[in-house]
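For reference, the structure is listed below as structure tokens.
Hydrogens, waters and symmetry mates play no part in the numbers below; they use all other heavy atoms, side chains included.
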Amino acid sequence: MFEGLHDIDWASMAHAYGSAEEVPALLAALRSPDTEERSKALDRFHGAVHHQGSVYPPTAASLPFLFELAVDGATPDRAAVVALLVSVGRESLDRGFEDDGTEIEYYPTMGYAQAIAFLRERGAQFADLARASAPDVRLAAIPGLGLFLDDADRATAVLRERLAAERGIAARLRIVEAAATLALRVPAASQQVRHWLAGLAADPAQSPVTRLAALVQRARCAPDEIGEDVVPAAVALLRESARAIPVRRIAPAPSRPATSTHGVAPQIVAAFDDLDRHTRVYAPTTVLLRTFHEALGARVPERTMMLAEQLSSPDPGSRLDAVRMSGELIRTWRGDHTRLLLLVAHQLTTVDEDEEVAAEAAAVLESCHPIASPAREALAAHIDAQRAAHGPHVWAAPRARLRRSHQEAVRALTRLGDARALPSLLAALDSDVDAWRAIQVAGYLPQAADQLVPRLCDHLRRIGLSQQWTEASVNAILSALAALGDPAAVPVVVDTLGAAVRRDQDRVTRAALETLGTFGPAAAGARDMIRSLTTATDAHVRPAAIAALWGVGGDLAEVLPLLLGLLEDRITFRISHAADLLGEMGPLASAALPRLRDLLTHDYEWVRVHCAAALWEIGGETEARVVLGTLMQTLAQNSATANHVVACLDRMGVFAAPALPLLREQLALPRRGGRFQSVENDEELQQVGRTLIARLDPPVPRTPAP
């Protein structure tokens with residue numbers, strides 16, 4: 001076995017973390033009789049040689065030896081090796097090739113083409129692996145029939161044979177999925193596979209899960225042919241499937257080796273915990289249902305109908321996965337999501353053993369907070385019930401699921417600006433347990449600034465800047481203080497600025513400057529310190545200091561030359577920052593007009609859009625034509641600029657009328673748009689756009705019939 005393994009110059013190739021010279025040892029370890037050695041080798045192969053799905057030259061060069069292991073019945077953990085082969089092939093097809101099968105030019109130095117060529121040469125052997133005596137090997141091999149076997153008739157025959165033989169839900173789901181993959185990859189197989197899937201979906205002799213899988217995969221093969229009867233049929237089959245699948249409690253997360261988090265920001269630790277949590281799937285039909293939602297795409301009402309059924313499942317794991325899918329729908333597609341938000345909010349009323357579902361529901365509502373008002377009362381009731389049942393310190397409850405459920409709900413309600421979240425927020429700040437999670441949302445309750453600001457200032461005083469990891473915590477507090485706007489915080493912010501400057505912590509320096517600028521003349525006492533930073537060498541500190549100097553009451557004669565200097569900078573975001581501040585100055589900054597006009601030809605669209613907006617604020621009507629042309633051109637080039645463009649058009653009023661067709665085009669898009677395509681930015685974009693259209697082109701009243 002492994003003949004020729006050491007004839008390959010592995011050291012000349014690289015994987016995700018450098019030289020691939022370790023690959024022969026990893027491959028040999030996969031045959032080791034020692035379980036731990038095999039596990040470590042497999043983890044390392046996935047982590048470095050097949051890092052996050054990438055297929056490097058050493059990944060492709062490993063395939064002959066992995067295949068030897070896969071077809072050898074004596075190989076330990078044989079199913080894991082087969083699954084690795086399938087993963088390499090699937091990722092190669094997804095990343096390295098266009099839909100028509102041509103190789104993507106960007107990836108010629110990767111191993112995608114080599115990997116696919118090798119696996120397709122051995123496509124027939126996946127038929128043998130799919131008939132292996134070991135169920136886990138069969139399960140791992142089944143996708144290969146759709147991915148690698150080019151003989152459509154043989155692949156279809158084997159899939160039919162396996163469906164008749166397999167009784168497990170997981171295997172049957174994979175068989176039907178592999179059939180659809182085959183139909184999409186091999187046009188010659190499309191008609192017979194689609195006909196077979198349609199027959200399975202309508203066959204009452206099949207289990208409801210199999211029929212649902214066939215219906216969904218048939219829809220995946222031809223999304224444009226999804227008729228009005230497909231979703232109601234899927235809902236009915238999903239209901240039957242829920243009755244057929246045993247209800248199970250949500251299992252705890254798999255234990256992981258303990259690792260030290262000393263010196264790591266709690267936000268980073270939590271982010272990795274969230275990533276780990278979101279990669280888990282809790283119900284056997286979840287992947288199938290995700291496929292159906294992808295096929296349905298922009299059909300928000302139909303997808304909401306499906307999710308309503310998913311969210312009513314008696315199985316908590318199915319509901320948890322459905323909550324996540326609901327969040328993905330709301331965050332990705334426009335539409336009236338009121339019903340879906342209420343359905344998600346209903347998950348907050350779950351019993352104690354379903355706290356994980358409630359926590360996920362609250363997290364989704366927080367992520368969708370700009371439109372989550374329909375869930376306000378459910379969030380408040382959930383928080384009150386938890387405080388009544390577990391006491392006022394439930395924020396710090398020792399039981400992890402209860403603690404997360406409460407914290408997520410408090411954060412979601414806080415982001416809605418609802419003061420009923422305040423008692424738990426104050427308890428978090430006073431106890432210092434997960435206080436960073438409360439700090440992140442504290443700025444949404446300005447009506448409680450008198451109670452929040454002293455606590456936030458106390459936290460800021462107690463955080464030392466001697467360690468780099470504290471930066472995220474300090475900046476979060478500064479952001480909250482800026483949002484709350486209470487000048488009582490000025491002294492501690494000034495102290496933080498001084499400490500950051502002494503320790504050369506530029507990002508904290510920038511955040512402190514931005515915060516002081518929001519306090520206006522109340523922070524005028526810090527003017528000299530701010531002024532000293534207007535010549536800083538850090539790319540971000542200098543523009544922040546200039547903006548803060550103007551914000552706290554700086555002199556126009558001093559600030560304007562500094563901004564004109566930034567307009568000449570080669571760093572694009574400095575130009576944009578300067579343009580924004582010049583726009584705030586309005587006609588007082590008329591000296592900047594010639595340079596701003598020149599910058600409308602800059603090769604970076606973000607510079608153009610900021611400079612165009614400043615040009616309008618300073619020059620007004622006389623600049624309308626060139627500003628409008630720049631804004632429309634920029635929006636057509638990069639839709640991410642939409643928020644900036646539409647906000648400026650709104651300020652231009654009647655002069656923005658020629659942009660009406662472009663505005664209507666933007667609002668007609670089904671996907672969320674604007675900066676980062678976030679719910680917040682997209683909802684703002686839609687609201688401002690509709691208001692502007694109504695103002696510029698009001699509907700003509702109908703003349704009553706005589």
Side-chain angles (χ1 to χ4, degrees), residues 258-276 366 395-396 400 403-404 407-408 410-411 414-415 424-445 449 451-486 488-519 523 526 529-530 532-533 536-545 547-548:
T259 55
S260 173
T261 58
H262 178 70
V264 181
Q267 298 92 323
I268 301 298
V269 176
F272 276 99
D273 287 342
D274 283 342
L275 183 62
D276 182 55
E366 182 192 355
W395 175 279
R403 183 170 68 248
R404 180 169 178 259
Q407 290 181 3
E408 294 289 3
V410 169
R411 285 165 57 91
T414 303
R415 285 194 190 272
S424 290
L425 219 57
L426 297 179
L429 295 173
D430 291 341
S431 71
D432 210 18
V433 174
D434 294 336
W436 65 272
R437 304 194 85 237
I439 289 167
Q440 285 183 336
V441 298
Y444 286 85
L445 291 180
Q451 299 181 71
L452 291 169
V453 168
R455 289 172 167 87
L456 291 170
C457 288
D458 183 58
H459 275 271
L460 190 54
R461 290 188 190 96
R462 288 189 281 118
I463 295 179
L465 289 177
S466 59
Q467 293 179 299
Q468 198 70 28
W469 71 267
T470 60
E471 176 186 293
S473 299
V474 172
N475 288 356
I477 297 173
L478 290 170
S479 178
L481 291 172
L484 293 171
D486 187 345
V490 169
V492 71
V493 176
V494 171
D495 290 344
T496 302
L497 175 60
V501 171
R502 289 191 297 274
R503 295 184 179 277
D504 293 324
Q505 294 206 11
D506 292 328
R507 282 180 286 194
V508 175
T509 299
R510 172 193 177 189
L513 287 167
E514 291 172 346
T515 301
L516 287 173
T518 65
F519 291 125
M529 184 185 297
I530 294 171
S532 70
L533 295 169
T537 56
D538 181 76
H540 294 277
V541 169
R542 184 182 173 196

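Among all heavy-atom pairs drawn from F519 and V490, the shortest one is CD1-CG2, 3.7 Å. Annotation for L516 and A523: closest pair O-CB, 3.8 Å, computed over non-hydrogen atoms. When all heavy atoms are compared, the tightest approach of V494 to A526 is CG2-CB, 3.8 Å. Considering every non-hydrogen atom in both A544 and E514, the closest pair reads CB-CG, 4.4 Å. Considering every non-hydrogen atom in both A449 and D486, the closest pair reads O-OD2, 4.3 Å. Closest approach of L425 to A442, counting heavy atoms only: CD2-CA, 4.2 Å.
For T515, there are no side-chain hydrogen bond (donor to acceptor under 3.5 Å, both in side chains) partners at least two apart in sequence or on another chain. Under the ring pair (Phe, Tyr, Trp, His ring centres under 6.0 Å) criterion, Y444 pairs with H369, sequence neighbours left out. Partners of R542 under the side-chain hydrogen bond (donor to acceptor under 3.5 Å, both in side chains) rule, at least two apart in sequence or in another chain, do not exist in this structure. The side-chain hydrogen bond (donor to acceptor under 3.5 Å, both in side chains) search around D538 returns none, not counting sequence neighbours. Not counting sequence neighbours, the partners of E366 by the side-chain hydrogen bond (donor to acceptor under 3.5 Å, both in side chains) test are R411, R415.
Using modelled atom types, one side-chain atom of T509 and one backbone atom of Q505 make a donor-acceptor pair closer than 3.5 Å. Side-chain N or O atoms of W395 include one that pairs as donor or acceptor with a backbone N or O of V433 at under 3.5 Å.
Put simply, the side chain of N475 reaches to within 4.5 Å of the side chain of L478, judged on heavy atoms. By the 4.5 Å heavy-atom criterion applied to side chains, Q267 and S473 are counted as neighbours.
Taking CZ of R403 as the start and CD of Q407 as the end, the distance is 6.5 Å to the nearest 0.5 Å. Interatomic distance, CD of E471 versus CG of D506, reported as 9.0 Å (0.5 Å rounding).
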Verdict with supporting geometry, I477 and T496, side-chain contact (heavy atoms from CB on, under 4.5 Å): CA-CA 11 Å; I477 297 173; T496 302; over 6 Å; no
Begin with the C-alpha distance, continue with both residues' side-chain angles, and end with the deciding distance and a verdict on side-chain contact (heavy atoms from CB on, under 4.5 Å) for L426 and L452. CA-CA 7 Å; L426 297 179; L452 291 169; 3.8 Å; yes
List the atom pairs, with distances to 0.1 Å, where a side-chain N or O of residues 453-460 and a protein N or O form a donor-acceptor pair under 3.5 Å, not counting sequence neighbours.
unit_1: R455; atom_1: NE; unit_2: D430; atom_2: OD1; d: 2.8
unit_1: R455; atom_1: NE; unit_2: D430; atom_2: OD2; d: 3.4
unit_1: R455; atom_1: NH1; unit_2: Q451; atom_2: O; d: 2.9
unit_1: R455; atom_1: NH2; unit_2: D430; atom_2: OD2; d: 3.4
unit_1: D458; atom_1: OD2; unit_2: R462; atom_2: NE; d: 3.1
unit_1: D458; atom_1: OD2; unit_2: R462; atom_2: NH2; d: 3.2
unit_1: H459; atom_1: NE2; unit_2: L429; atom_2: O; d: 2.9

